[in-house]
Asker: 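Below is one structure. I have some questions about it.
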Amino acid sequence: MLKGKLVFAQLNAHLPRAVFNECVARYAGSYPTLSFSHWDQLLCMSFAQLTARASLREITICLRSQAAKLYFAGFRGSIARSTLADANERRDCRIFEDFALHLIGIARRLYAGDALALQLGHSVYAIDASTIDLCLSLFSWAPAANARAGVKLHTLLDLRGNIPSFIRITCALVSDASFLDHLRLEAGSFYVMDRGYMHFARLNKFSQGAAFFVVRSKQKLHHRVVHQSAVDDATGVLSDQHIVLTGRYTRKAYPAPLRRIEFHDAQQQRTLIFLTNNFELPAPQIALLYKSRWQVELFFKWIKQHLRIKAFVGNSANAVKIQIWTAISTYVLVAIIKKRLKVAASLHSILQVLSLNLFEKVPLERLLADTAEFDEAVDTAPQFTLF
């Protein structure tokens with residue numbers, strides 16, 4: 001008989017089982033669960049993310065090779081490829097969506113005290129979307145441009161800890177700006193966006209909700225300057241203006257004044273134009289706010305490189321969404337453990353160590369205590385780092 005708890009069981013102890021059961025009850029279906037519960041399904045998909053399994057066959061073969069330890073790892077049902085495939089096809093993906101969003105809420109509270117790169121008293125969020133390419137012949141339900149297929153991951157990233165605050169999954173043809181319709185704005189918070197979100201009717205809702213936005217502007221924008229502020233060329237700021245829009249449609253969509261900042265990025269040798277409804281922060285700080293948007297790019301890069309969301313174990317929309325939501329849950333779970341156990345190592349190093357020790361009986365704290373020593377040398381490239 002095994003003594004102690006397996007690493008996989010110690011990880012799962014940080015998952016609120018009661019909350020997951022509530023999510024299951026909320027979307028209860030007719031699919032039988034006697035031999036393979038929703039919890040077993042979650043554990044299988046989590047195992048696939050932690051060990052980078054690329055197919056149902058790989059998942060089931062690897063798990064069944066540890067048959068003597070599965071009970072102690074938390075599994076109660078029989079593991080079979082057809083059973084897992086049917087569960088991913090027929091069980092409601094909203095179970096895993098709601099559970100992932102609950103984990104996000106836990107992580108955000110843990111990282112709420114973290115300092116921002118900028119000394120601001122309010123929250124800062126980065127908004128962006130990333131497309132996951134699919135094969136049109138296998139995923140005909142997700143058409144994209146140029147005879148391709150794909151799903152789009154719309155994300156609101158809290159820059160305190162780089163935790164996704166809100167995520168929406170759509171087909172690739174849905175516009176980026178439509179994501180703004182689904183946000184619950186926080187008064188006083190800053191939302192940083194790229195040019196794809198420059199939709200003035202939607203941006204006007206930020207001002208009405210007492211929230212601030214910073215968005216990169218397109219070069220050709222009809223406007224009239226009503227005030228010109230003095231600037232310091234040494235900061236890279238070329239101009240700081242108060243403007244009103246004069247376009248036929250834009251002046252109706254956004255009738256209030258805007259602040260237009262022109263900034264020269266010396267490192268990239270390019271000039272950027274920002275629009276914001278905040279008139280108090282210094283112009284260089286607005287430019288730094290936009291630079292912090294790079295964190296959401298790093299988030300997408302990280303999950304695509306280290307989690308299984310580029311090769312899918314099911315072809316239906318439901319199965320794809322279950323895999324994406326369990327990938328997000330895995331990311332957030334590791335972030336929660338990093339904070340709770342005060343691990344100094346990067347998420348990448350933690351995942352690598354966990355992937356080789358899931359069925360070992362080592363205390364999790366001891367396993368991760370020295371993981372920071374395995375991190376590679378810090379990249380000196382001029383960009384923000386993720387964790």
Side-chain angles (χ1 to χ4, degrees), residues 2-20 39 42-53 66 69-75 96 99-117 123 157-165 167 295 298-299 301-303 305-308 325-379 384-387:
L2 294 173
K3 295 182 180 179
K5 294 185 69 174
L6 300 178
V7 170
F8 194 47
Q10 296 177 60
L11 285 175
N12 297 331
H14 290 269
L15 296 174
R17 180 73 177 270
V19 173
F20 183 77
W39 186 254
L42 175 67
L43 296 185
C44 284
M45 298 303 293
S46 178
F47 171 82
Q49 295 296 334
L50 290 168
T51 59
R53 300 301 101 195
Q66 300 286 341
K69 300 179 180 179
L70 291 183
Y71 181 87
F72 302 96
F75 294 90
F96 303 91
F99 189 60
L101 294 177
H102 180 82
L103 292 179
I104 285 172
I106 294 175
R108 289 191 65 201
R109 289 192 292 272
L110 289 174
Y111 285 88
D114 283 18
L116 287 167
S123 299
L157 192 75
D158 188 344
L159 296 186
R160 292 186 189 274
N162 298 310
I163 299 297
S165 176
I167 292 175
Q295 294 284 25
L298 293 179
F299 168 75
K301 180 180 179 181
W302 194 95
I303 63 173
Q305 286 183 343
H306 304 301
L307 299 177
R308 305 305 302 177
W325 284 118
T326 52
I328 293 168
S329 295
T330 302
Y331 172 89
V332 176
L333 174 61
V334 176
I336 290 172
I337 291 169
K338 173 182 169 67
K339 177 62 72 171
R340 285 179 174 173
L341 302 185
K342 300 179 180 178
V343 180
S346 66
L347 286 186
H348 171 68
S349 295
I350 294 174
L351 274 178
Q352 299 307 307
V353 172
L354 291 177
S355 66
L356 293 176
N357 294 277
L358 288 182
F359 289 96
E360 300 296 330
K361 297 179 290 181
V362 184
L364 191 57
E365 294 87 343
R366 180 150 57 90
L367 178 66
L368 300 178
D370 300 325
T371 305
E373 298 178 3
F374 309 143
D375 277 334
E376 296 180 358
V378 177
D379 187 3
F384 290 86
T385 56
L386 192 64
F387 285 93

Asker: Could you give me the CA-CA distance, side-chain angles and deciding distance for Leu307 and Leu351, then say whether side chain to side chain contact (heavy atoms under 4.5 Å, CB included) is met?
Answerer: CA-CA 10 Å; Leu307 299 177; Leu351 274 178; 4.3 Å; yes
Asker: To the nearest 0.5 Å, what is the distance between CG (Leu347) and CG (Leu354)?
Answerer: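 The distance works out to 10.0 Å.
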Asker: What closest approach, in Å, do Pro164 and Ile104 show between heavy atoms, and which atom pair accounts for it?
Answerer: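 Distance-wise, the nearest heavy atoms are O-CG2, 2.6 Å.
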Asker: Going from CD1 on Ile336 to OH on Tyr111, what distance comes out if it is rounded to the nearest 0.5 angstrom?
Answerer: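 The CD1 atom of Ile336 sits 8.5 Å away from the OH atom of Tyr111.
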Asker: Indicate the atoms forming the closest heavy-atom contact of Leu159 with Gln295, along with that distance.
Answerer: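 Where Leu159 meets Gln295 most closely, the heavy atoms are CD2-CB, 3.6 Å.
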Asker: Just by distance, do the side chain of Gln10 and the backbone of Lys5 share a donor-acceptor pair under 3.5 Å?
Answerer: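 Yes; judged by distance alone, with no hydrogens or angles, the pair exists.
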Asker: Are any of the side-chain heavy atoms of Thr51 and Phe8 separated by less than 4.5 Å?
Answerer: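 Thr51 vs Phe8: side chains apart.
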Asker: Look up atom CZ in Phe75 and atom CG in Leu43, then write down how far apart they are to the nearest 0.5 Å.
Answerer: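 Spacing of CZ (Phe75) from CG (Leu43) equals 4.5 Å.
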Asker: When you compare the side chain of Ser46 with that of Leu15, does any pair of heavy atoms fall below 4.5 Å?
Answerer: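 Result no, sub-4.5 Å side-chain heavy-atom pair not found.
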Asker: Minimum heavy-atom separation for Ile106 to Pro16, with atom names?
Answerer: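 So the minimum-distance heavy-atom pair works out to CD1-CG, 4.2 Å.
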Asker: Could you tell me whether the side chain of Leu364 reaches within less than 4.5 Å of the side chain of Ile337, counting heavy atoms only?
Answerer: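 Heavy-atom side-chain distance check passes, below 4.5 Å.
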Asker: Side chains of Trp325 and Phe99, heavy atoms from C-beta outward: is any pair under 4.5 Å?
Answerer: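 Counting from C-beta outward, Trp325 and Phe99 never come under 4.5 Å.
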Asker: Can you measure from NZ (Lys69) to CD (Glu360) and round to the nearest 0.5 angstrom?
Answerer: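 CD of Glu360 is found 5.5 Å from NZ of Lys69.
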Asker: Say you draw a straight line from CG of Leu358 to CG of Leu6; how long is it, rounded to the nearest 0.5 Å?
Answerer: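 CG of Leu6 is found 9.5 Å from CG of Leu358.
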Asker: Does the side chain of Val334 come within less than 4.5 Å of Leu11's, by heavy atoms?
Answerer: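 They are not in contact (no side-chain heavy atoms under 4.5 Å apart), so the answer is no.
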Asker: Quick one: SG on Cys44 to CH2 on Trp39, what's the gap to the nearest 0.5 Å?
Answerer: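 Cys44 atom SG to Trp39 atom CH2 measures 12.0 Å (nearest 0.5 Å).
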Asker: Could you check whether any side-chain heavy atom of Thr371 comes within less than 4.5 Å of a side-chain heavy atom of Lys338, counting everything from C-beta outward?
Answerer: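 No, too far: nothing below the 4.5 Å cut-off.
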Asker: With a 4.5 Å limit on heavy-atom distance, are the side chains of His348 and Trp302 in contact?
Answerer: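 The answer is yes; the side chains approach within 4.5 Å.
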Asker: Quickly, which of Val332, Leu103, Ile163 forms a side chain to side chain contact (heavy atoms under 4.5 Å, CB included) with Arg108? Name it, please.
Answerer: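 Answer to the side chain to side chain contact (heavy atoms under 4.5 Å, CB included) test with Arg108 among Val332, Leu103, Ile163: Ile163.
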